[in-house]
Amino acid sequence: MTLTVEHATLPVLGRLPAHSSRTEQIAHIAEAAKQIRIQDLKLVHYAGAGHIGGDYSAIDILATLYGAVLDISPATVDDPERDRFILSKGHVAGALYTTLAAFGFLPVEELATFLKPLSALNGHPNRTKVAGVEANTGPLGHGLPIAVGHALSAKLDVSMRRTYVLVGDGELQEGSNWEAMMAASQYQLDRLTVIVDRNRLQQGATTKETNDLDPLPEKAAAFGFAVVEVNGHDHGELLDVLSAVPFRPGKPTFVIAHTHKGHPISFMSNNVAWHHRVPDDAEFAQALKELS
Amino acid sequence: MTVTDRPSIADQPRYDCRDAYVETLAQLAEADHRIVGVVNDSVGSSKLNSFRKAFPDRLINVGIAEQDMVGVASGLANGGRIPFVSAASCFLTARALEQIKADVAYSNTNVKLCGMSPGVAYGELGPTHHSVEDIAWLRAIDGIRIIVPADPIETAAALRWAAASEGPVFIRVSRMSVPKVYSDDYEFRLGKAITVRDGNDVTVISNGTVLWRALAAAERLAEEGISTRVLSMPTVKPLDTDAVVAAARETAGIVTAEEAVTAGGLGGAVAETVVQHHPARVSILGFPEFAPTGSAGYLLDRYGLSPEGIADAARKLVMTGK
Ligand SMILES: Cc1ncc(C[n+]2csc(CCOP(=O)(O)OP(=O)(O)O)c2C)c(N)n1
């Protein structure tokens, strides 16, 4: 099986006009998330590799950010004043590429090169190859320090630009995150928003069985963050909280987005086997049916 | 001892060295209660599920936290355990390098570092997941024995040796399937090269997943009348300098072929030796840059680590040689 341009079927959705209503925005995000999931499923199935479980738990967050929150467009992708989004859980590169394509940063046809020899679309994102990628992540625990650095540079510039970083919950077991969180609160980076994809699974097991993170809200609060919990698949909740910057003046924000790995596919959802399993033909057909 | 009388090494059945790794580790753990595994959410990728079942409280999973993992291993060793740290080589060696230097090497603790899926085994996952720098980094640190096994037999033998010998060891364990290069009675000897094919025109020094490719290159060169000595160099540190000097003296030059960067790995070690003891021409094959997107096989071929690529480099030395 090979991925070809025929499998790059994603419609380019772009952004709604700024004056659109909240209801219109939410509908737009929902449509984007659905289309991104369908396209991402095809990438993983036909390329024969990827991290679909983590892709699917993050896609509603990505669609909300790019669809209605981030002040960034294909025209401003190099503008120093753009908002920054850093994907720290870099293994969900497929979801990021598909999102970037949905909002016009990347030609849809280019998705057909995913993982192929010499493709810009590597298994982990590369900012030197793909417009819109801010950091070469893949090793976990790198995005949050980079985000703190960017938020600090914005503060030094007395700029209103915002910094968002998406981290996995398993990823939070890396100490570098907590070092960065201490710095973020020390420097009162209230235009920094850390979003945790709280799907409670990591590569081989649940986070609880492996190295429990709870009580996560209390830990983040103790590290000086304003903590908010949302349903990470509810576009309205995500839109409201991610648009509210600063959430508490003087404090960086820690959004715990409760999600399910593999959401909303019946046989993938909350199933650790789908960290990097590839759907076979029958599973592909079933997932496509559930999404459509 | 070696298996070079077969039709072609390239046509032999292939094995994932992780299988030999877990099987041997379980046998060692059965025989010695001091042995424990230490992992970073890498139970599945190290194929340690059966080990966990057999020794539930002797597989320590610290979560995704490599610095902690190596520090904890050092403490376990301090308490009399023999920890086998088992993690993707890229994260084990890059993320925990200072723990490896200070807590393991400088402190001389009895920690066995097992770098899983090293080199470019992770192919399309890209340079963040490639572990081609590990050999160069660890070579620069005093006191770590570095072993790069070529097949399942050598993987098992090196593991048994590591369990029996005191002190820090780094062993690469590949997931890329390889044919057997050695026969079952192979015994690992630290710091000793093995002449897996004799020859006197040119020498190829190799190890790990590339060794069988070097043998396949020698088969091709033989058809052209070029006699190639293939030295297996499973121990990168301490290096068998006698074997290297002999090759420099007796053949037209040395090609080094390894799944690692071209600066500071086996090639670097060989070049340092040759330059100081018997200057000779050395051609170093490996990865000179961050690799582009591609499968492991594609990348090995692209950077001249295919049988043809290795044969080309050897031929060049012979053509312009002595
Ligand atoms: C430093 C580092 N160690 C290990 C890995 C291997 N790895 C890739 S994804 C993953 C699990 C990540 O879990 P989580 O952050 O919860 O992501 P999600 O479950 O949302 O995909 C692991 C251990 C890595 N990429 N980086």
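Throughout, protein chains are lettered first and strands after them, A, B, ... in sequence-line order, and every chain is numbered starting at 1.
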Quiz item: Is A:Gln186 atom CD crowded by more than 12 heavy atoms from other residues, nucleotides or ligands, each under 6.0 Å away?
Solution: no

Quiz prompt | Sole candidate of A:Asn211, A:Thr207, A:Leu140 that passes side-chain contact (heavy atoms from CB on, under 4.5 Å) when paired with B:Ile64 | solution = A:Leu140

Exercise. Pick whichever of A:Gly175, A:Gly204, A:Ala47, A:Ser119 has the most heavy-atom pairs under 4.5 Å with chain B.
Key: A:Ser119

Quiz item: What residue, out of B:Asp68, B:Val62, B:Asn49, has the most heavy-atom pairs lying under 4.5 Å from chain A?
Solution: B:Val62

Self-check item: Value rounded to 0.5 Å, distance of NE2 in A:His276 from OG in B:Ser45
Solution: 7.5 Å

Quiz item: When only pairs under 4.5 Å are counted, which of B:Gly44, B:Ser42, B:Ala65 shares the most heavy-atom pairs with chain A?
Solution: B:Ala65

Exercise. Step through the shown structure and confirm whether more than 12 heavy atoms of other residues, nucleotides or ligands are within 6.0 Å of OH on B:Tyr106.
Key: no

Quiz item: Is it true that atom CD of B:Glu289 has more than 12 heavy atoms of other residues, nucleotides or ligands lying nearer than 6.0 Å?
Solution: yes

Quiz item: Quick one: which residues of residues 122-133 of chain A reach chain B at under 4.5 angstrom, heavy atoms only?
Solution: A:Asn122, A:Gly123, A:His124

Practice problem: Would you mind checking which part of A:Glu171 comes under 4.5 Å of any heavy atom in chain B, side chain (CB onward), backbone (N, CA, C, O), both or neither? | Solution: backbone

Quiz item: Is the count of non-hydrogen atoms from other residues, nucleotides or ligands lying under 6.0 Å from A:Arg277 atom CZ greater than 12?
Solution: yes

Exercise. Check the pair B:Thr128, A:His91 against side-chain contact (heavy atoms from CB on, under 4.5 Å), reporting the backbone distance first and the verdict last.
Key: CA-CA 11 Å; B:Thr128 57; A:His91 55 285; over 6 Å; no

Quiz prompt | Within 6.0 Å of NE2 in A:His260, more than 12 heavy atoms from elsewhere | solution = no

Practice problem: Count the heavy atoms belonging to other residues, nucleotides or ligands that lie under 6.0 Å from NZ of B:Lys101, then report whether that count exceeds 12. | Solution: no

Self-check item: Top of B:Gly126, B:Pro127, B:Gly294 for chain A proximity - count of heavy-atom pairs under 4.5 angstrom
Solution: B:Gly126

Quiz prompt | Considering all heavy atoms, the nearest B:Glu124-A:Leu115 contact | solution = CG-O, 3.3 Å

Quiz item: Where is the tightest heavy-atom contact between B:Gly63 and A:Thr210, given as atom of each residue plus distance?
Solution: CA-CG2, 3.7 Å

Practice problem: Hey, could you give me each pair passing ring pair (Phe, Tyr, Trp, His ring centres under 6.0 Å) that has a residue in residues 67-97 of chain B? Not counting sequence neighbours. | Solution: B:Phe91-B:His129

Quiz item: Cut-off 3.5 Å, side chains only: do B:Asp41 and A:Gln203 have a donor facing an acceptor?
Solution: no

Quiz item: Ion pair present between B:Arg95 and A:Glu174, side-chain N to carboxylate O less than 4.0 angstrom?
Solution: yes

Quiz prompt | Side chains of A:Phe114 and B:Thr293 in contact at under 4.5 Å (non-hydrogen atoms) | solution = no

